Number of protein chains: 2
Amino acid sequence: MSSKAVVSKRWQGGENGLTIERLPAKESFKSKAYAALKEAITNMNIYGSSEPMLLDERDISERLGASRTPIREAVAMLEQEGLLRAVPRRGIMVVRRSKPEIIEMIEAWAALESMAARLATQRASDEAIAELRSLFKEFDLSRIERDRCDEYSTANIAFHQALIRLSGSSMLVAMTENLFFHVRAIRHRTIFEMDRAQRSAADHLEIISALEARDADRAERLVRDHTLRLARHVESHVDLD
Amino acid sequence: MSSKAVVSKRWQGGENGLTIERLPAKESFKSKAYAALKEAITNMNIYGSSEPMLLDERDISERLGASRTPIREAVAMLEQEGLLRAVPRRGIMVVRRSKPEIIEMIEAWAALESMAARLATQRASDEAIAELRSLFKEFDLSRIERDRCDEYSTANIAFHQALIRLSGSSMLVAMTENLFFHVRAIRHRTIFEMDRAQRSAADHLEIISALEARDADRAERLVRDHTLRLARHVESHVDLD
DNA sequence: TCCGGGAAATTGGCATACCAAATACCAACA
DNA sequence: TGTTGGTATTTGGTATGCCAATTTCCCGGA
């Protein structure tokens, strides 16, 4: 019985440092297909043409060298995630969000990130906040030289994601990741214009200050207003549909 | 060409009373399985036992009288939704959220609902707000007689959902629906105790007042604090795991 | 009594086949 | 020429079968 106990101890690896996670379990075609499709959708300029953008199951299964079954499962997942929509006998189409929908997403983003800011003032370490400030500096410096809209947009989203991570809430991180995915897709439509960049940078600085001052109410308000301002901007200056 | 116009007029049924909607498209086994499984999970007392709660593909397909394929697709969707988790050779298990996860969910809920309150002060009609007040009255009256915890919890969530709908944002509605699903699942663990009911009712009244006064900041703050208080309550008084 | 190892059964992933619905195509007729 | 009716083809949904990875079970040996 002593030997049994030892074996048990060895393999359950609870208190000792040995952490074995049930090895990677080489990913299935299902997950490969999921990743491939999501990647494809990401790199696709969804709002480029106004055509329906259809996908074909059999075509995809051939390209990926797999049968329809795992592809269909991946499509089902992406459908659940709101990226695809499969209508019978009409094909699988990439979902194009309407302008009101995009605005609602940005408002939800404002809600989640402002809460993240509040939580961050209470939970983030000084070091973590300092890192955010240094991230901002890098961003700002690199931005001065080049003024490509896409780069600004990417760095901008990176800043916001870093802030949200400061909250320590993986739920907030996950929920906003989904939102950013959709918002990113319309970056080409110049959501972020250069004249907004200056204002935006100033806002970011203020936000960092509020975090450093551990001022929950102020940080929350600044983040909320900053993002809601983007919503209003999109509402009046971006033309979808 | 005159005949074409007539035919066109007849079948497109624009201005005349003929409204044909592209008939219901009878739902597939996939969606039936999805609905059935979700229903089953809903009615399941997830946090009752501490055992893994496994499901079996072949068993489910037999019960539903369908093959494994549509069941697997439904499972893939529910997995994406975070309700199930399928690990190879170990079965499909209902995801049990840890206490920190539940708390993060409630915090996200607080974020989204407080934003909903803010938007509602700007967008909801007086009538809609009045309806919320009457909903509250019904709830309160019916609650006085019976003090079953579940009923209170249900009515409580109904109130919050009604408030969120006032924002007019279907995005906020959808995102919180997911959260409520998980929170509802642990209602049995007496998240909502009766001593909280009185305080809660008072809070709700205050919130309604703020909405009626169109006071965005106050409504937002009241909702946020109300829900964050629940998070703190769960943190210190509810025992999961 | 306990351990080890190998056979047998289970199970998840995937490929393939089939069917019915829906579309596209086409030819004949008005 | 345009419409109609019917046929061929496509396509999505589902069922089924196979295979390999595991797990389970069981029996012989220590």
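Each chain gets a letter, A, B and so on, in the order its sequence line appears, and its residues count up from 1. Note that the structure is a prediction, hence the values are computed from the model and not measured.
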- Between dG12(C), dA15(C), dA15(D), which nucleotide has the shortest distance from any of its atoms to the side chain of Arg68(B)? dG12(C)
- Message: Within the 4.0 Å heavy-atom criterion, would you say Ala86(B) contacts the bases, only the backbone, or no part of the nucleic acid?
- Response: nothing
- Query: Can you check the Ile71(B) CD1 to dG12(C) C1' distance for me, whole Å?
  - Reply: 14 Å
- Query: Pick one: which of His226(B), Gln161(B), His160(B), Arg224(B) meets side chain to side chain donor-acceptor pair (under 3.5 Å) with Glu113(B)?
  - Reply: His160(B)
- Task: Rounded to the nearest angstrom, tell me the gap between atom CD in Glu62(B) and atom C1' in dT10(C).
- Result: 14 Å
- Rounded to the Å, how far apart are Tyr34(B) OH and dG13(D) P? 16 Å
- Task: Mark yes or no for a side-chain to base donor-acceptor pair under 3.5 Å between Arg89(B) and dT23(D), with no hydrogen or angle criteria applied.
- Result: no
- Task: Check the distance between dA15(D)'s C1' and Arg58(B)'s CZ and give it to me in whole angstrom.
- Result: 13 Å
- Task: Provide, to the nearest angstrom, the distance between the CZ atom belonging to Phe29(B) and the P atom belonging to dG13(D).
- Result: 13 Å
- Note on the structure: note: Arg72(A), atom CZ; dG13(C), atom P; distance rounded to Å ~ 17 Å
- Using atom types as modelled and distance alone, determine if a side-chain donor or acceptor of Glu101(B) lies under 3.5 Å from a backbone N or O of Ser98(B). yes
- Whichever of Leu55(A) and Pro70(B) has its nearest DNA chain D nucleotide further upstream toward 5': Leu55(A)
- Query: For the side chain of Arg90(B) and the base of dG12(C), is some donor closer than 3.5 Å to an acceptor across the two?
  - Reply: no
- Message: Quiz question: by atom type and distance under 3.5 Å, do the side chains of Tyr34(A) and Glu27(A) form a donor-acceptor pair?
- Response: no
- Within the structure, does a side-chain N or O atom of Ser67(B) lie under 4.0 Å from either OP1 or OP2 of dT14(D)? no
- Donor-acceptor contact present, side-chain Ser169(A) to main-chain Leu172(A), <3.5 Å: yes
- Note on the structure: Separation of dA9(C) atom P from Asp56(B) atom CG, nearest Å, is 18 Å
- Taking atom P of dG12(D) as reference, at what distance in whole Å does atom CG of Leu84(A) sit? 13 Å
- Message: Quick check: closest heavy atoms across Lys99(B) and Val238(B), and the distance to 0.1 Å?
- Response: NZ-O, 2.9 Å
